[in-house]
Structure formats: structure tokens, C-alpha cells
Amino acid sequence: MTNFLSGKLIYSFFYLAYILNERFLNDQIKRNYMADKFLEYNNKRVMKKFRSFVPKNIALLLPHCIQNYDCPFRITSDIENCKKCGKCKIGAILNLKEKYGLEVKVATGGTLARLFIKEKRPELIIAVACKRDLVSGIYDTFPMSVYGVYNKIKKSPCINTDLDIDEIESFLISLKKNENIS
Ligand code: SF4
């Protein structure tokens, strides 16, 4: 209980500082600072939790804007509908899914993401999202273990965004190493 309360207090501090930064600072780099610090703190907390064992059920949550805007295949209902054509990173995500046995959901919004989490009950969530969605999502779901990864905005914020597959795979590899020490 004490751990929960102190953790919630720290998360609330970061979240409030983030909101104030967004509200009152004009400089984008300074505005990003608190979000980056929050993510760094959160991800370290998650890595520390899984230092000595591998979570049994890992879910990867992605925003719909990762999918190529012109793709005709409906991957929000089932990511397996992707044909791996290479026009976006969904094909590479499918490869990660197969390799590491992940539950993967491409969600069109917070409600669907929450439903997915409720249904799958993952021990660990890897969430990819933009700064605003990631910070609020991590704050809202505390004390769940959510490892956050920013998606990359190429031209416009919610269309054809990108993500760093290596960043996700490096994290998964670091978890797998725990198998040897658990
Ligand atoms: S990789 Fe998959 S989701 Fe992306 S454009 Fe090709 S078929 Fe569509």
C-alpha cells in the first residue's frame, strides 16, 4: 500500500508538471522535457520490476496512425490481415508478434485499448503513442506496467507515423535475458 501511494504521488507530480509545462511554456523543447523525464522514470521502473523474471503475457498497443493511410486492409480488427508489403511498419510488428509471442492490438482510440487490456490482462504492456497519449495513458493506468515508446511523426501528426522497431526489440531482448537468471 505504501509503495502504491508513493508511486501514485510521484506519477501525479510528473503528470502535473507535464500539464503545467504544456500550458505555460512556448518553447517546444522545454515543453517536451517533463514528458521525456516522466517516460524515462516510468520505463526505468518497469525495467526494474522485470529485472529477475520474464512477464508471461506481453501486449503491444499501437496507434492506428502507424498503418499506411492508403492501405486497404483492416488491421484494427485483426493485425494478421496485414500483407507485409513494406509500406509501413505493421509487417515488422507482425514479425515481432510471431518471434516473441506478443498480443498485439492496433487501437483506434482509448476505449478500444482499455477493452483490449481488460480482455487480455497482460502482465506487461508496451505502448506506442504520441507524447500526449503516452503520458496520459501511463498516468491513467498506474500501477500497471506500461513501457512507453514514442511514435515518430513524419509529416502530419496523425497520418503515416513511424516507430523504431529496434527500440522495441531491444527491450524484448533485455527481458528475455532475465530467463537465464530467474
Ligand atoms: S505493411 Fe501491412 S498494414 Fe502496412 S501498408 Fe502493407 S499491408 Fe498495409
Side-chain angles (χ1 to χ4, degrees), residues 18 22 28 31-32 35-36 38-40 42-43 46-47 50 54-142 144-179:
Y18 161 75
E22 288 293 310
Q28 190 61 48
R31 280 169 64 181
N32 288 345
D36 293 347
F38 184 25
L39 196 65
E40 189 184 319
N42 171 73
N43 286 355
V46 172
M47 287 168 97
F50 296 108
V54 185
K56 288 184 185 67
N57 182 3
I58 305 174
L60 177 55
L61 261 178
L62 302 154
H64 188 204
C65 56
I66 295 278
Q67 183 183 25
N68 182 281
Y69 187 72
D70 298 318
C71 177
F73 303 109
R74 197 175 152 80
I75 56 153
T76 48
S77 55
D78 186 355
I79 193 174
E80 300 284 345
N81 290 333
C82 165
K83 305 293 180 232
K84 297 187 180 179
C85 74
K87 285 186 186 162
C88 72
K89 294 281 173 67
I90 296 294
I93 291 288
L94 257 183
N95 293 339
L96 280 187
K97 176 182 187 287
E98 288 152 16
K99 190 170 173 186
Y100 295 95
L102 309 173
E103 298 278 359
V104 181
K105 178 70 181 169
V106 180
T108 47
T111 308
L112 281 182
R114 274 189 287 277
L115 269 176
F116 170 75
I117 291 169
K118 201 173 163 190
E119 186 193 327
K120 300 292 178 188
R121 298 188 170 276
E123 201 172 356
L124 167 66
I125 299 164
I126 302 170
V128 179
C130 61
K131 180 181 70 173
R132 189 195 59 186
D133 289 354
L134 203 54
V135 168
S136 60
I138 289 171
Y139 175 71
D140 288 344
T141 50
F142 179 86
M144 289 188 81
S145 298
V146 181
Y147 186 88
V149 176
Y150 287 134
N151 64 347
K152 297 175 193 298
I153 293 162
K154 291 192 285 190
K155 283 184 186 157
S156 37
C158 299
I159 296 175
N160 293 337
T161 61
D162 196 10
L163 82 166
D164 186 347
I165 295 285
D166 290 344
E167 187 180 350
I168 297 173
E169 183 153 28
S170 297
F171 175 58
L172 290 165
I173 290 169
S174 70
L175 286 176
K176 280 281 168 195
K177 279 185 192 152
N178 298 340
E179 267 175 345

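These figures come from a predicted structure and were not determined experimentally. As the structure lists them, so they are numbered: ligands from 1, and atoms in each ligand from 1.
Near atom 4 (Fe) of ligand 1, less than 2.8 Å away, sit the protein N, O or S atoms Cys88 SG.
The stretch residues 121-132 participates, sequence neighbours left out, in these side chain to side chain donor-acceptor pair (under 3.5 Å) pairs: Glu22-Lys131, Asn32-Lys131.
Ion pairing between a basic and an acidic side chain is recognised when a charged N comes within 4.0 Å of a carboxylate O; Glu98 and Lys84 show such pairing.
Counting non-hydrogen atoms of neighbouring residues, nucleotides and ligands closer than 6.0 angstrom, the NZ atom of Lys155 reaches no more than 12 such neighbours.
In this structure, the side chains of Val106 and Ile66 stay at 4.5 Å or more apart for every pair of heavy atoms. Residues His64 and Thr76 meet the side-chain proximity criterion, which asks for heavy atoms closer than 4.5 Å.
Taking every heavy atom of both residues into account, Val146 and Asn43 meet most closely at O-OD1, 4.1 Å.
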